[in-house]
Amino acid sequence: MIDSQKIRADFPILNQTVNGKPLVYFDNAATSQKPQVVIDAEANYYKEINANIHRGVHTLSQLATDAYEASRYKIQQHINAKFSHEVLFTSGTTHGINLVANGFGSFLKPGDEVMVSALEHHSNIVPWQMLCEKTGAKLVVIPMNENGELILSEFERLLSEKTKMVTVNHISNALGTINPIQWMIEKAHEVGAAVLIDGAQAVPHLKPDVQDLDCDFYVFSGHKICGPTGTGILYGKEAWLNKLPPYQGGGEMIATVSFEKTTYAELPHKFEAGTPNIAGGIVLGTAIDYLNEIGFDNIAAYEHELLEYGTKKLLEIEGLKIYGTASQKTSVISFNLDGIHPYDVGTIIDKLGIAVRTGHHCAQPIMDFYQIPGTLRASFAFYNTKEEIDALVEAVKKAQMMLS
Ligand SMILES: *Cc1c(COP(=O)(O)O)cnc(C)c1O
């Protein structure tokens, strides 16, 4: 069970007014807020053990290294990776996808195919497009239907021995659709394709099991799960990470360097050139501990309740249309008011203290599919409440009255 009053006390930022009204933060799919334990852990790192890692023999350097590696181990346990060296620290989802896309060029020839879906975030489209331009491979798109679900019969039809990579999100950031990735991974593997899962919107709501999913890569950002910005994880199967060439050259990622030849370090260091976000990596572990203490079953059940309540209440507004009505979805509601630009509604409800996202949500192809410029997107987290949803509904009604 979620005790929302108790939980809200953990998040100092929530206890404020914006434009004279109590803040209602419904932009969680863009970034989550941070609990006090995370804020404290970041400050404590700099107060107590700040030093560069993996290099010094001095005590602080060893403490910092131990804390960083302990966090890697924690994340390995959390996603059930087989080895901790399959867990790479990145600066976020975008970095993780680019790292894989960049190295994957070694395995592509002209005529090969890279498959993305119509539901992807730009960061899971553009790196693959760039890769296709460089290699002569072809970008193939799994289409979606009016409900915002992938058309799975088309996915099966498009798969062939030409397919080398299938890259798809676990959950859509724009619509909240949960994709049947386990089944998709199995199908992609049948034709010998590798699979990358963009888990940026999944990890705030569930605990992925990468061995059970059997994906080749799984990426996510720390800042959407109560962790610091500039942190993220790329999970890759050991065999793939050994095959992929390094992404960046520099310190930390080498075994030996001479002007004639450099040999690379073992995993995970091969992909972690330079001084990383040490504090961030450590504190990401703190954020994951915090979420596990609340419990992902509790989080999912509570957020589902918010989704059902919010959907029902918003649909009572005449002329309001929800985009993304998949049978399996998370607590994201994308919507528009008939004949009114989403930006105008967003601006008015901000004046009433309500933070939602307006625009294309880094998923322009989805907006093109619906032939709209964008939507308003309310995304709920476990620290939101039904009272806040009531405030959203009232604000949207007010905006509608003012704008029509
Ligand atoms: C947020 C998001 C990204 C990009 O994450 P960054 O933290 O900006 O790198 C990619 N894919 C999805 C589905 C997202 O929600």
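Every number for a ligand or one of its atoms is a count from 1 in the order of the listing.
For ligand 1, the atoms closer than 4.0 angstrom to any heavy atom of Thr93 are 4 (C), 5 (O), 9 (O), 10 (C). Counting atoms of ligand 1 from 1 in the listed order, those under 4.0 Å from a heavy atom of Ser221 are 5 (O), 6 (P), 7 (O), 9 (O).
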field: Verdict with supporting geometry, Asp198 and Asn173, side chain to side chain donor-acceptor pair (under 3.5 Å)
entry: CA-CA 10 Å; Asp198 171 355; Asn173 65 303; over 6 Å; no

task: Any chance you could lay out the ring-ring contact (aromatic ring centres under 6.0 Å, His included) test for Tyr247 and Phe271, step after step, and finish with the verdict?
output: CA-CA 6 Å; Tyr247 180 45; Phe271 292 104; 8.6 Å; no

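Ring-centre distance between His85 and His269: not below the 6.0 Å cut-off. Ring to ring, Tyr235 and Phe220 are not that close: their centroids are 6.0 angstrom or more apart. The aromatic ring centroids of Phe335 and Tyr323 lie 6.0 Å or more from each other. Ring-centre distance between Phe11 and Tyr383: below the 6.0 Å cut-off.
The protein non-hydrogen atom at the shortest distance from atom 8 (O) of ligand 1 is Thr94 OG1, 3.7 Å. Protein heavy atom at the shortest distance from atom 1 (C) of ligand 1 is Lys224 NZ, 1.3 Å. Shortest contact from atom 10 (C) of ligand 1 to any protein heavy atom: Ser123 OG, 3.1 Å.
Checked against a 3.5 angstrom limit, the closest N/O atoms of Gln201 and ligand 1 fall inside it.
The option with the heavy atom closest to atom 12 (C) of ligand 1, from among Asn98, Asp198, Thr231, Asn173, is Asp198.
Under a 4.0 Å heavy-atom criterion, Glu120 is not in contact with ligand 1.
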